[in-house]
Amino acid sequence: MRTLSRLIQVSNFNTKIETILCLLCFVATGFNLQGQSVLFPEPLSSRTASYDIDVQLDIKKKMIFADEKIHWLNSSTDTVRELQLHLYLNAFKNTQSTFMKEQGGASRGESTNKEDENVWGWQEITRFQDSFGNDLLVKAEYIQPDDDNEEDQSVIRIPLKEGVLPGQRVTYDLSFEAKLPNLIARTGYDKNYYFLVHWFPKLGVYEYPGIRYAEKGQWNCHQFHASTEFYADFGVYNVNIAVPKGYTLAASGLLQGTEEKDSLTIHKYRAEDVIDFAWTASPRMMEFHDKWKDVDLKVMANEEHIELVPRFFQATKNCLEYLDKHVGDYPYSNLTVVLPPFHGLGSSGMEYPTLVSGIGFKGLPDYIRIIEVITTHEVTHQYFMQMIATNEMEESWMDEGFTSYWESRIMDHYYGEKTSNIEFLSFGYGGMQTHRLEYLGLSNPKVSENFRFPWKFKHGGYHPLTYAKTCLWLKTLEGLVGFDHMNGIMKKYFEEWKFKHPCAKDFIAVVNNYVAENLSEEFPNGMDWFFDQVLYSSELCDYNVGWISNNKDEKDYGVFENTTEWGIEEGEGPEEIYTSKVVLFRKGEVIMPQEVLIHFDNGEEILEKWDGTDRSFEFEYKGTRQIEWAILDPQKKIYMDSNLNDNSYAVEIDQSPIWKTISKFFFWVQNTMQTMSSLI
Amino acid sequence: MKVINAFAKGWKKVIQSFVLCGLLYGMNFLFAFIVALPLKQLMDKKLSHSMEPQNLLAGFDFTVVVDFLNEYGVRDAFPNILANTQIIAIVFFFFSVFLTGGILAVFKNREEGFTRGIFWEGCAQYFWRLLRLTLYFLIIQVGILSIFFFILNAMTSGFDIEAIAHEGVIFDSIKILIPFYLICSGIIAMISDYAKIHMVHLDEAWLFKPFFGSFKIGLKKFFKTYPLFFLNFLIFVLILGVYWFLSERIITDNFTSILLLFVLGQVFILGRIFVKVLRISTATEMYRSLVYTTKNSEIPSLENQQVAHQNEE
Ligand SMILES: [Zn+2]
């Protein structure tokens, strides 16, 4: 590494030979970094931003002190003259940060003593040098690319003395210290439990034409918002973590070894082809091990949670097995699930490369599957945002929505569609059902379209639309193209975009290409019409069967030409003829192709198709048969239809279900009243 | 022996006054009907032609319920139905106070058994005093609950997750406290029974004597009064257990089985009412036997005479 730094140094002495030398540097450095590949024989990603960090945890001061080396590859054709870095921990510096302001007054929780300086967190870069030893901090400044909040210090801009040439790999050397907050937004400490995430100065992503929507090269480095997560380039992390002896540690990547030094133990980790690095430390945590295929699984849990550990392993195995089959390979050799202690609940349910946090409580019964749901969700994130590294800050539906879809599919597959989340006596509900309620139960499900920056959901709806609505329209897409083709689309998407940064249009292109190759007859115009409605619009989808009529044909009455007959007796002829109709309505704005299953009294059934465009539509039949019932979308392909109850109509139907519901409600009311009377 | 005697006599009295249970059941049914009718009408209006509710026959279907609530109820009709339930439950509470006066009167006039005259007269006669007495005991119940909450608060350092080792401490504390709480709350419930009985037997405008006298009766003869109360509680548990056992075995996938479960539910409600009446009836028997044999001071002398007189059969 040092040798190469010298090379870079030399190359920059003379701008005239800059390009040539830099090309040499690029080749040499690239070779060297790739040569470092110890976990994967071949790099899986471009390894654009890599980090070497030596960090020491000071448990008394609740601080970390670190030296960091950033290795960055300028993959663009621009000469880059500044860096932009996230200093996420500064979001917790005071009540004036953008994060805190967006969270509202209760951001630190009512029980937190806001006057206690220990609850706040911050970080400061104390030294920042390029490879020539230039002090770059002099001109550094905090910037606010998203708002005018000058108090926000979550992004720092560092002008460079020496611009980074296209294709050049550069290294920057810095030191930083950080005061850890009392757990907030998953990061910080609580008692002696530490969860260190978004903890180090981290480069934004330099986007250039070809990456997402970029029309020119620029840093994509948003401030830390209350509802946003992260976006980063892939890289290699060598992180040496010094913690007091006796602390158990878990981190992204693989442990390469430990070293004792005075009262500290240094844990040396290495992670390759990941977008982030997280770690946790606690003297109380214990490690549990298991295996799925060749992947080492680890659960970190406290003593009181030992009984829950098998549930975490099972959920992780189910998830990996399902995604492996339907999306693609999990290439890493390990995966850790951290179960935070109760007092560290603020760090639960979060995803980082090869390390996720779950949730669980002592004594939690098996029929409440929150452990399985959260673990499945977080492990699924290994695919959607960790390997397919979408921009969580701008298009959070691409990670959270996709993850919610797969989480529901996996849970429903292993634990039942109606019981996967809760299964208590005769009561239960599944994953898809939960997301359906979350979206359609909104007081205003049309509050926004999906396609919106998370922090721009000013008046609610961020979570239900991002997670649940996306889940529902992906399920609807699955209904339209079919289960196998949906898996095909996802596999193609994964294969094309793993270890890259796709955006909405990239996913849509995958779908369109797949459909053109495999479903051109069904969807000759591709699927843009679908995404226009579900992703870029806020409209609702709602169809219903209005009514069914079976009218006996009567002979005509009245004065007709060429006849003196006034009327003909009814019932003439061998059989009665009926005109039967099914009337359908489109009540919502969203247009989806529909199928209608129509059942006649002679047992005959017809599956009709309707393009779903008109506001009302009918199917009419003449004959001796009468329609008994009709079901719109009998296979529930259009799962995002906001009311499935009115999608069917039967002329006569068993009313037992209504009686069942009413009798249960009646019994419940009776018991409530009797309980009231027992107070006397 | 007194416990068994009182229990046996109480049973006899309740069976003799079975019309009383029927009347109370009828009231319960009527009130529930008032609440359930709008829901039935709403469901008829919106779901009577839909085929989706058929899924409810096979078991619970969250989507059917959620779509029904979302489309027709969550912001509109269903909250009204729930609000009605609350209002009706409160009205029923006051109505139950009213009816309890009648129950007490029936068992006070034991030789006549149930007559409508005695019952309704008792309802009207004791209503205000019973309401006050109920209020006093409810305050005590709230006080006991507060004390236990206070203890729980102390055991869990104010539910402060920072101060306790882990969440198990909270659950374990609750587990430890619940039996004690149930015992204490049960004792107060038992004493309140004697207070009501004492009140109707004394028939004084002031509640001082029945209120404090009931504590003397209940606590001084605790090993008679409490086993009797507990016996009645066991009857309730038994009824609950039988209902649970049977209801879990009925698969409600057609009208007949739904009707069967409904009937079973009604039997259970009747059972609950029976236990409530039995509680008063057996406690009245115990009260009389205690007062009759008590020569000393725990029962005020005036009351001793009055009750003793009534016992001379
Ligand atoms: Zn997520």
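Because only heavy atoms are used, hydrogens play no part in the values below, and waters and symmetry mates are left out as well, while side chains stay in. First the proteins, then the strands, lettered A, B, ... as listed; each starts at 1.
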Quiz item: What is the minimum heavy-atom distance between A:N671 and B:R272, and which atoms define it?
Solution: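 Heavy atoms only, the tightest pair is OD1-NH1, 2.9 Å.
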
Heavy-atom contact with chain A under 4.5 Å, split by part of [X]:
X: B:F29; value: both
X: B:F33; value: both
X: B:L57; value: both
X: B:Y25; value: side chain
X: B:L24; value: neither
X: B:F171; value: side chain
X: B:T100; value: side chain
X: B:S48; value: both
X: B:K276; value: side chain
X: B:N28; value: both
X: B:F92; value: side chain

Quick check on [X] against chain B: is it the side chain, the backbone, both or neither that has a heavy atom closer than 4.5 Å?
X: A:V545; answer: neither
X: A:S426; answer: backbone
X: A:F427; answer: both
X: A:L425; answer: side chain
X: A:D542; answer: side chain
X: A:T661; answer: side chain
X: A:W547; answer: neither
X: A:I631; answer: side chain

Quiz item: Looking at A:D646 and A:K587, does any basic side-chain N land under 4.0 Å from a carboxylate oxygen?
Solution: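 Yes, this pair counts.
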
Picking from [options], which has the most non-hydrogen pairs under 4.5 angstrom with chain A?
options: B:L133, B:V91, B:T134; answer: B:T134
options: B:Q141, B:M43, B:H166, B:R279; answer: B:H166
options: B:I269, B:L56, B:V97; answer: B:I269

Practice problem: Answer yes or no: is there a donor N or O on one side and an acceptor on the other, between the side chain of A:R284 and the main chain of A:P341, under 3.5 Å? | Solution: no

Exercise. Look at the side chain of B:E248 and the backbone N and O of B:F245, then say whether any donor-acceptor pair between them is shorter than 3.5 Å.
Key: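 Such a contact is absent between B:E248 side chain and B:F245 backbone.
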
Self-check item: Check: B:F262 ring centre within less than 6.0 Å of A:F666 ring centre
Solution: yes

Practice problem: Could you check whether the rings of B:F211 and B:Y136 sit parallel, tilted or perpendicular, using 30° and 60° as the cut-offs? | Solution: perpendicular

Practice problem: Tell me yes or no: between the side chains of A:S648 and B:E52, is some donor less than 3.5 Å from an acceptor? | Solution: no

Exercise. Sorted by first residue and then second, give each salt bridge (Lys or Arg N to Asp or Glu O under 4.0 Å) pair with at least one member in residues 647-657 of chain A; sequence neighbours left out.
Key: none

Quiz prompt | From CA spacing to verdict: side chain to side chain donor-acceptor pair (under 3.5 Å), A:Q670, B:Q266 | solution = CA-CA 9 Å; A:Q670 282 183 299; B:Q266 296 313 298; 2.7 Å; yes

